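What follows is a set of notes on a single structure, which appears directly below.
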Amino acid sequence: SPASNLDANATLTDSGGGYQDAVGNSGLSSSKVFAVDTKGPTGSLTIPAGSFTNGQKLDFSLTYDETVELANSNHNPFLVLDVGNRVRMATKENSSDNSVLKFSYTVDNSDLDSDGINISTTTGLDKGVFQLSGTFSAGDTIKVTNSGDKSGQFTVNANATTPELVATQLRTFLNTDNTFSNTNSFKAVGLGSGKIAIVGSNGNSSSLTVSSSGGSSSKVAAESYAAVIRDSFGTNATSTFSIVGNQSGITVDGGDSGAGVDGYVEGAKITADNDGDGNTSSFGDSSTSTSPTGVFKLYGASGPLIMSGGTDKATGLPFKVQYESPVGYKKVINPITSTIRALESKDTENSGTTAIEVAETKMASLIGASVPFKTFDAYEAVSTVSEIPNAIAYQKAAASIALVVDVGSNSLVWMVNKIELSGGSVANEYKIKDQAEPFTTQKASTLIFDAIADSIISGDIADGKLKSFGSDGTTDDMAIKIK
């Protein structure tokens with residue numbers, strides 16, 4: 001049998017007379033050349049260089065020294081990347097060269113790595129994908145097992161018991177757990193929607209399980225496999241490869257930059273309410289604060305934005321109200337976006353993106369200007385001559401809303417306090433029933449935005465009349481228009 005790790009031609013020679021046929025005639029001399037290949041393909045990975053931001057792709061090319069194929073076309077190999085404190089997978093792309101496998105990873109809003117990513121020098125051939133589901137409770141425990149414990153014991157946190165949040169917590173725990181990551185050389189990759197991938201040698205073992213005392217976990221068979229790369233002779237490729245390029249030269253910043261505008265607000269807390277519960281301190285929410293010019297950079301934002309606190313740079317006064325932006329608004333948060341958010345939340349016919357688009361269309365009619373509301377900043381827009389009319393219309397409406405919300409919120413809090421201090425009870429019409437104590441200007445502002453939205457929906461504030469709230473210009477009429 002041929003030696004291992006051999007890739008060469010072998011010649012078989014038979015000398016004349018060394019064999020005879022049935023009647024004694026000597027055979028002729030001959031030779032035959034055979035291709036002998038017992039050497040697995042070896043690869044080198046060419047990596048990108050530079051700085052990458054949210055939505056940009058990192059492209060990788062794994063070039064082998066011969067033509068390669070997959071033993072199963074449905075079992076795609078992948079690359080394992082350490083991006084900051086998260087483990088990511090670069091997935092296989094199409095390639096026109098049979099000796100090259102291409103992979104890519106698209107930078108996510110949660111990614112941040114300023115000193116260079118790390119690439120595992122293996123094609124990450126084994127993975128087991130598990131779907132968490134059911135009902136988890138605070139204190140439930142989870143372990144990865146396979147004929148014994150393959151991880152330490154993870155405990156579910158309070159207020160983070162949905163399968164999605166449990167998977168996020170579990171992924172973070174596993175990648176810092178010594179038994180899982182060091183002893184067994186596994187890595188955990190979050191795949192979203194309560195799904196987690198365990199990557200490493202025997203990651204696809206049939207006995208590898210995610211065991212929990214609450215909720216449930218099931219293996220996703222179609223996404224769990226041991227991929228095999230081989231040459232045309234069926235010899236498996238080596239699972240490791242060399243790297244061409246400098247990993248430390250790949251920096252990633254997926255944060256979305258935006259501005260909190262009421263003038264500009266410094267030191268405000270910006271929270272992405274990822275679980276949509278209105279609480280700005282829930283597990284899974286992400287938050288940051290604004291700079292002296294109102295600028296912020298937010299990571300891991302998938303929910304609507306909430307802004308509170310800080311100082312209004314235009315007045316030097318504390319910013320006591322609350323502004324919001326719908327899902328997908330990662331650049332700006334101000335009185336206009338807050339009104340769009342209120343309209344969206346009150347839409348009983350549409351939901352999600354459709355409700356936001358309907359609210360944006362209505363807002364364009366209300367202010368008499370069609371602008372890209374998700375990203376529009378009137379202060380920046382005036383630098384473009386053609387945008388000045390839109391910027392003026394937008395800012396007039398924004399300033400009017402800001403004034404009404406500010407004055408209305410403070411007045412509502414003052415009035416409620418006066419009534420309660422006098423021993424009276426606040427009527428339900430004030431819409432503060434079940435509001436947690438104390439009733440603050442911030443809480444009152446959300447009610448004022450709701451009232452503005454109600455007046456828009458009812459038609460009391462007509463198209464083109466938002467800056468005057470549909471009134472004849474008197475404060476009495478304006479008060480009537482805002483329900």
Side-chain angles (χ1 to χ4, degrees), residues 55 256 258-262 270 272-274 276 278 298 301-307 321-405 408 445-472 478 480-483:
D256 281 317
V261 181
D262 179 26
I270 306 291
D273 183 20
N274 294 336
L298 199 58
S302 59
L305 302 186
I306 299 174
M307 180 175 81
V321 300
Q322 176 172 300
Y323 286 169
E324 301 184 23
S325 288
V327 172
Y329 279 56
K330 298 179 181 180
K331 301 291 185 183
V332 64
I333 177 169
N334 59 31
I336 295 290
T337 68
S338 300
T339 307
I340 292 173
R341 170 69 174 145
L343 287 169
E344 172 221 346
S345 65
K346 288 179 171 291
D347 191 333
T348 58
E349 298 180 359
N350 305 289
S351 61
T353 302
T354 302
I356 295 172
E357 290 173 348
V358 169
E360 289 174 337
T361 300
K362 184 60 178 176
M363 181 57 69
S365 298
L366 288 164
I367 68 175
S370 181
V371 300
F373 289 103
K374 286 184 180 181
T375 58
F376 192 75
D377 185 334
Y379 292 89
E380 292 182 355
V382 293
S383 62
T384 303
V385 174
S386 61
E387 286 295 321
I388 291 177
N390 284 339
I392 292 174
Y394 183 102
Q395 196 55 34
K396 279 184 176 179
S400 294
I401 297 170
L403 179 62
V404 168
V405 170
S445 67
T446 64
L447 301 180
I448 300 296
F449 276 115
D450 284 344
I452 293 171
D454 287 336
S455 297
I456 292 170
I457 293 168
S458 68
D460 286 333
I461 299 178
D463 290 349
K465 299 294 185 179
L466 183 55
K467 64 178 179 292
S468 63
F469 287 85
S471 73
D472 60 12
M478 184 178 292
I480 292 171
K481 299 297 186 185
I482 303 174
K483 300 187 175 198

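Along the sequence shown, residues are numbered consecutively beginning with 1. What you see is a predicted model, and the numbers here were worked out from it, not measured in a lab.
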State plainly whether the residues K331 and D377 are in salt-bridge range, i.e. N to O under 4.0 Å.
no
Holding to salt bridge (Lys or Arg N to Asp or Glu O under 4.0 Å), I want the full list of residues that pass it with D256, two or more places apart in sequence or in another chain.
K330
What's the separation between atom CD1 in I401 and atom OG in S338, rounded to the nearest 0.5 Å?
8.0 Å
So, do L305 and D273 sit near enough that their side-chain heavy atoms are less than 4.5 Å apart?
no
Would you sort out whether I336 and T339 count as a side-chain contact (heavy atoms from CB on, under 4.5 Å), showing the intermediate values?
CA-CA 5 Å; I336 295 290; T339 307; 5.9 Å; no
Quick one: pull up CG in L366 and CG in L343 and give me the separation to the nearest 0.5 Å.
7.5 Å
Do V382 and E387 have side chains that get closer than 4.5 Å, going by heavy atoms?
no
Roughly how far apart are L466 CG and I452 CD1, rounded to 0.5 Å?
7.5 Å
Tell me every residue that passes side chain to side chain donor-acceptor pair (under 3.5 Å) with T337, counting only those two or more places apart in sequence or in another chain.
S325
With rounding to the nearest 0.5 angstrom, report the OG to CD1 distance, S400 to I367.
11.5 Å
Validation row: Q322, S445 side chains within 4.5 angstrom (heavy atoms)
yes
Indicate yes or no for a side-chain donor-acceptor contact from N390 to the backbone of V371 under 3.5 Å, with no hydrogens or angles considered.
no
Is it the case that the side chain of S455 and the backbone of D460 share a donor-acceptor pair, with hydrogens and angles ignored and the cut-off at 3.5 Å?
no
